[in-house]
Amino acid sequence: MHIGIAEDDADQLNLLELWLGERKHSSKGFASAADLLDALKKERFDLLLVDWMLPDGTGAEVLTWVRGNLGWDLPVIVVTAREDEATVCAALGAGADDYVIKPAKQRELLARIDAVARRSRPGGLPVLRLGAYEVDVQLHRLSIDGKPATLTQKEFDLAVYFFQSPGKLLSRDHLLNKVWGIHADVDTRTVDTHVSRLRKKLFLDGAKGWRLTPIYGYGYRFDRIDDTPSA
């Protein structure tokens, strides 16, 4: 999973990132609520670890923004030294999926991350296989004929969405909202730029059996080259 961490203590942040890396998760740390919220407008995370007390705000404020703007599909675990009942209840009431007391224990924290991920995605994240392509959504890996492709996070997110939607006509606005988020400060030209890079990096011109086709004035469609698109 790709995990965002809001933690202003550098030592704590480094430790959390080390633990997550050992479990093969990718992560990105933020020292303030503002930095995390700014990243959430541009980048997609699979789970958040949020300190309850941050230099410029609280975990409650972060949770209020996340639930109001991103909904309830993004799991959030509060990690804090405060263990009084009122704070625990406040965190859960604000929308936290779980609560871990500092100093966090490595095995317990990783087990809670796994448990929250299972609840948010019953059955786990899929491995998609389409001909020469294999997409491991859990590990954020895409390979072609067994060789890994080098993609940015947004390129990977966009590729996953196409691979999950073969044969569907997808508008630029729809892709922008699904991959960048409804409040992202970007326009549909960003979609075109990323699609152009994907077509080159993943050989989506039909060379590997799949084609990513622009639909003039609308968006894109991802098809097998031997399939006849439906009307």
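- Salt bridge Arg107/Asp114: absent, no basic N to carboxylate O contact under 4.0 Å.
- Counting all heavy atoms, side chain and backbone alike, Ala159 lies closest to Leu202 at CB-CD1, 4.1 Å.
- Here the closest heavy-atom approach between residue Phe156 and residue His140 is recorded as CZ-CA, 3.4 Å.
- Residues Leu63 and Val78 are in side-chain contact: their nearest non-hydrogen atoms beyond the backbone lie under 4.5 Å apart.
- Side-chain contact between Ile3 and Leu49: present, with at least one pair of heavy atoms (C-beta onward) separated by less than 4.5 Å.
- Side-chain contact check for Phe30 versus Leu37: every heavy-atom pair is 4.5 Å or farther apart.
- Going from atom CG of Asp173 over to atom NZ of Lys178 covers 13.5 Å, rounded to the nearest 0.5 Å.
- Remark: the backbone N or O of Gly95 is paired with a side-chain donor or acceptor of Arg67 at under 3.5 angstrom.
- At distances below 3.5 Å, at least one donor-acceptor pair connects side-chain atoms of Asn14 with backbone N or O atoms of Ala10.
- Remark: side-chain polar atoms of Asp51 are not paired, donor with acceptor, to backbone N or O of Leu54 under 3.5 angstrom.
- Counting only heavy atoms from C-beta outward, the side chains of Tyr220 and Leu170 never approach each other to under 4.5 Å.
- Between the CH2 atom in Trp19 and the CD1 atom in Ile113 there is a gap of 10.0 Å [rounded to 0.5 Å].
- Other residues, nucleotides and ligands contribute over 12 non-hydrogen atoms within 6.0 Å of the CD atom of Glu22.
- Listed for the Asp98 side chain is no donor-acceptor partner under 3.5 Å among the backbone atoms of Arg112.
- Between Val195 and the choices Leu198, Thr193, Val191, the side chain to side chain contact (heavy atoms under 4.5 Å, CB included) rule is met once, by Val191.
- A distance of 13.5 Å separates NE2 in His25 from CD in Glu17, rounded to the nearest 0.5 Å.
- Under the 30°/60° scheme for interplanar angles, the aromatic rings of Phe45 and His2 are found to lie parallel.
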TODO: Determine, step by step, whether Leu204 and Tyr133 satisfy the side-chain contact (heavy atoms from CB on, under 4.5 Å) criterion, reporting the C-alpha distance in whole Å, the side-chain angles of both residues, the deciding distance to 0.1 Å, and the verdict.
DONE: CA-CA 11 Å; Leu204 297 178; Tyr133 300 94; 3.4 Å; yes
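- Heavy-atom minimum distance, Pro55 versus Ser32: CD-CA, 4.5 Å.
- Checking side-chain atoms of Asp97 against main-chain N and O of Ile77 turns up no donor-acceptor pair under 3.5 Å.
- The two residues Met53 and Asp8 come nearest to each other via the heavy atoms O-OD1, 3.8 Å.
- Lys28 is not listed as a side-chain neighbour of Gln153, based on a closest heavy-atom distance of 4.5 Å or more.
- Residue Lys102 qualifies as enclosed at atom NZ: its count of foreign heavy atoms under 6.0 Å is above 12.
- With rounding to the nearest 0.5 angstrom, the CG atom of Leu175 is 12.0 Å from the CG atom of Asp157.
- In terms of heavy atoms, Trp210 sits closest to Pro166 at CZ3-CB, 3.8 Å.
- For the pair Asp56/Asp35, no side-chain contact is recorded, criterion being any heavy-atom separation below 4.5 Å from C-beta on.
- Rounding to the nearest 0.5 Å places CD of Gln106 at 10.0 Å from CG of Leu16.
- Here the side chain of Asp223 pairs no donor or acceptor atom with the backbone of Arg211 at under 3.5 angstrom.
- In this structure, Leu128 and Gln164 have side chains that are in contact, with non-hydrogen atoms separated by less than 4.5 Å.
- Using the six-membered ring where Trp is involved, Phe162 and Phe222 have ring planes that are tilted, between 30° and 60° apart.
- The CG atom of Leu176 lies 10.5 Å from the NE2 atom of His194; values are rounded to the nearest 0.5 Å.
- When all heavy atoms are compared, the tightest approach of Leu158 to Val179 is CD1-CG2, 3.9 Å.
- The closest side-chain heavy-atom distance from Lys208 to Ile144 is below 4.5 Å.
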